[in-house]
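Heavy-atom basis, side chains included; hydrogens, waters and symmetry copies ignored. In this chain, residues are counted from 1 in sequence order.
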Amino acid sequence: MSRGEDIAEISELVARERLFRARHNPAIADCYYPDATVATSWQQGPLSTFLNAESTEVDPRFAIVGNNSGAVVHLNGRRAYV
């Protein structure tokens, strides 16, 4: 694959993951390697600490109106940071 095709494929994966997360779809796990480490503003650790978890920074009494922006992909050889 070319660099552009790699970025497009990763961007599509991230868009799918964001959609699954917003809809609480269990297929979100398929977007990650089983040994993935996930770092967000509210947690960092193995995939198991991220799946089905919610930010403790958000008050569940209030609805969240979300907006997903496109992913910014940084390629480094066979790895990427998104």
Of all heavy-atom pairs between Ala53 and Thr49, which one has the smallest distance, and what is that distance? CB-O, 3.4 Å

For the CD atom on Gln43, are there more than 12 heavy atoms of other groups (residues, nucleotides or ligands in this structure) within a distance under 6.0 Å? yes

Following the transitive rule for hydrophobic clusters with a side-chain heavy-atom cut-off under 4.5 Å over Ile, Leu, Val, Met, Phe, Trp and Tyr, establish whether Leu47 and Ile28 coincide in one cluster. yes

Tell me whether Gln44 contacts the main-chain N or O of Thr37 through its side chain, where contact means a donor paired with an acceptor under 3.5 Å. no

Option passing side-chain contact (heavy atoms from CB on, under 4.5 Å) with Arg21 (candidates Arg23, Glu17, Arg18): Glu17

Check Ser11 against Ala71 and note the closest heavy-atom contact, atom names and distance. OG-O, 4.4 Å

Ile10, Ile7: one ILVMFWY side-chain cluster at the under-4.5 Å cut-off? yes

Among the clusters formed by ILVMFWY side chains lying less than 4.5 Å apart, do Val14 and Leu75 turn up in the same one? yes

Interatomic distance, Asp35 atom CG to Ser48 atom OG [nearest 0.5 angstrom]: 11.5 Å

Tell me whether Leu51 is reachable from Phe20 by hopping between hydrophobic residues (I, L, V, M, F, W, Y) whose side-chain heavy atoms are closer than 4.5 Å. yes

Hey, can you tell me if Phe50 and Tyr32 have their rings parallel, tilted or perpendicular (30° and 60° cut-offs)? perpendicular

